[in-house]
Number of protein chains: 2
Amino acid sequence: MKRPTIADVARRAGVSKGAVSYALNGQPGVSEATRQRILAIAAEIGFSPSSAARALSGATARAIGLILARPAQTLGIEPFFMELISGVEAELSARSYALTLQVVADTSAEIAVYRRWWGERRVDGVLVCDLRVADQRVPVLEELGLPAVVIGGPADTGRLASVWSNDAAALDETVEYLYALGHRRIARVGGLPDLLHTAIRTRAFTEVCQRLGLAESIVTSSDYTGEEGARATRRLLSSRLRPTAVIYDNDVMAIAGLSVAQEMGLAVPADLSIVAWDDSPLCRLVHPPLTAVGRDIPAYGGHAARQLLQAIEGGAAPTGLQDETAHLTPRGSTGPPPAGEQRSG
Amino acid sequence: MKRPTIADVARRAGVSKGAVSYALNGQPGVSEATRQRILAIAAEIGFSPSSAARALSGATARAIGLILARPAQTLGIEPFFMELISGVEAELSARSYALTLQVVADTSAEIAVYRRWWGERRVDGVLVCDLRVADQRVPVLEELGLPAVVIGGPADTGRLASVWSNDAAALDETVEYLYALGHRRIARVGGLPDLLHTAIRTRAFTEVCQRLGLAESIVTSSDYTGEEGARATRRLLSSRLRPTAVIYDNDVMAIAGLSVAQEMGLAVPADLSIVAWDDSPLCRLVHPPLTAVGRDIPAYGGHAARQLLQAIEGGAAPTGLQDETAHLTPRGSTGPPPAGEQRSG
DNA sequence: CTGAAAGCGCTTACAG
DNA sequence: CTGAAAGCGCTTACAG
């Protein structure tokens, strides 16, 4: 099947190619009657303007890029990224922008792809995930002048806008809730230590524990896999003064932690309380269902996409956006600590 | 920053634009020495050819499309799609093809996007997921002449190649394993009934149960969510002659089923054996870890991508590929049925 | 082996 | 309000 071009539409409508272009793009230059006739003909013969030709003349690819630099394993198992992508998509497809996705091994590969995309003019802008402390990607994107919105923060992202959520506040709320239940030995299994949000949560955790007078707060790092969540949990539960509550930095590790507790003969929540970050359907799948800290991730992705489109189309650099703070949803995995534990620590 | 064009490279190399093009694309027409000099200059000034200009003249976008028509909820929670995408990516990025991803609500939206992509020449070909019985997408893609590889089968996909796995054989193996353990009342919680692989597994299940003389084989359908998996399990476990083993069509429902069993006071595997399809890290996360039927999904995606690139570049339509058959990995969730149950049914 | 030129299908000033 | 034309940055026959 031969693809119709703008010339085909012009010929059938008896107008110039320019007129068709104006009609399609909603620009002045054609009468309303002509516009309607052109639109009808375009629809009839199934014409869509070539994205390549459009990009070449208009200099806009109508595509944005998203790079994921995580191993396939953790990518698949964490609902976070797919939910984020769904939200991004909803925003993009409403404006018929395409999403170009790439999975890479590490940050340097990611930077190489940004450079290539920029050279190829393949995307009009990018969404940057997994913001790191002193992130190397930020200066590169600034130098290239490739519009970008950083997902994560708060942080100094220079000229790049960011969309972020107040994780420190959410963490405070969580620890205070556990404290109110009577917990005095609270541990946290954190995520990848070089991710900014891990650093932010770790600092908040340390501060709130100090404020509440919890001397024995413990933080360990992990890579978000179930294996590391299980290993960290075994270590915590085998220690002399084992914690009565554990906060995990993702849902997967929390579920792994629940299994380890069961395996070690500890009842949840009678002997151990468990809190998952990144609330997701996974948390409601297990028994008992997990108390979790969460927020609307598709909406988060949508907000980031909207900021990016604004940066691309509006010209004016958006200033960034503080998204909703995650909130705690208590379920069956948290309760008071075992009797006799309540005042120790 | 101004993006370098082929003219910049040509000027600095003291050759024509044509020569630069030949050098970059590994075509004859330039001497080896000149080619090396051109390549060095291109690398030095960070030149990547504009994908739009390339697509416009060469008629190849160097991008393939993938559409997911599932609600955000199930997309996020099932590791399958992300693993598939990872595998596709690995194959594509090795040849510097881009992946254009779109999430849509239903099949008619999906078909509309195919038509638009075709008109826009945005992608050189597409990967078709979730093959259905009498799939409406197949004739549309054939009519458009858009290269496509169907993920799933075996089925009559006309001129489209497909990559598939023998699910019937894997289901046989699973039922025979449960039969050998002594199970005589085996139930199956199937996936979306209009998906081809659900139909194939359902038929295989019915046939193997007949062959083994298991009269009371039960099949229910679901939408792959934990909620439906839990509901189906409650129904099964509340029935007068409850099954002693249940096979679930995905990992998420199997985990939900495990929780329901625990909630209803049944021990797994002492009172109930559970098998998950789509083995994934989730299956090893719970306690007991789930016996599961699985295979290498990233490899599956990679094979599909390779077939598609062959269809796009080779010209000759690939004939399709039978991928590895899924195999059963016994873990802690399966065992003999309760004493006294072994000969009933 | 190399250079000059046409052409891909749009968009957008520029004249009428 | 409309038409003719240049130009985006490549690729690829076509001459030399």
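Chain identifiers are assigned alphabetically (A, B, ...) following the order of the sequence lines, protein sequences preceding nucleic acid strands; residue numbering begins at 1 within each chain.
With B:R37 contributing its side chain and B:A13 its backbone, the two residues share a donor-acceptor pair below 3.5 Å.
A salt bridge does not link B:E120 to A:R54: none of the charged side-chain nitrogens sits closer than 4.0 Å to a carboxylate oxygen.
Once rounded to the nearest 0.5 Å, the distance linking CG of A:L192 with CZ of A:R132 reads 7.5 Å.
The footprint of chain B on DNA chain C, defined by a heavy-atom cutoff below 4.0 Å, extends from C:dC1 to C:dG9.
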What pattern of brackets, bars and dots sums up DNA chain D from 5' to 3', given Watson-Crick or G-U wobble pairs under 3.5 Å, [ ] for crossing pairs and | for another strand? |||.||||||||.|||
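Side-chain N/O atoms of A:E89 and A:Y97 include no donor and acceptor closer than 3.5 Å. Side-chain contact of A:D323 with A:S165: a donor-acceptor pair under 3.5 Å is absent, judged by distance alone.
Both tests do not hold together for A:R137 against A:Y114: distance to the six-membered ring centre under 6.0 Å, angle to the ring axis within 45°.
Where A:G18 and B:Y22 each meet DNA chain C at their nearest nucleotide, the meeting point lying more 5' is that of B:Y22.
Nucleic acid contact class of B:S50 (heavy atoms, under 4.0 Å, all strands): sugar-phosphate only. B:T5 comes within 4.0 angstrom of sugar-phosphate atoms only, judged by non-hydrogen atoms across all strands, and of no base. Here B:V15 lies in heavy-atom contact (under 4.0 Å) with sugar-phosphate atoms only. Residue contacts shown for B:S31 are limited to sugar-phosphate atoms, with no base heavy atom under 4.0 Å away.
Qualifying side-chain hydrogen bond (donor to acceptor under 3.5 Å, both in side chains) partners for A:S96, counting only residues two or more places apart in sequence or in other chains: none.
In terms of heavy-atom proximity, A:L309 sits nearest to A:E91 at CD1-O, 4.4 Å.
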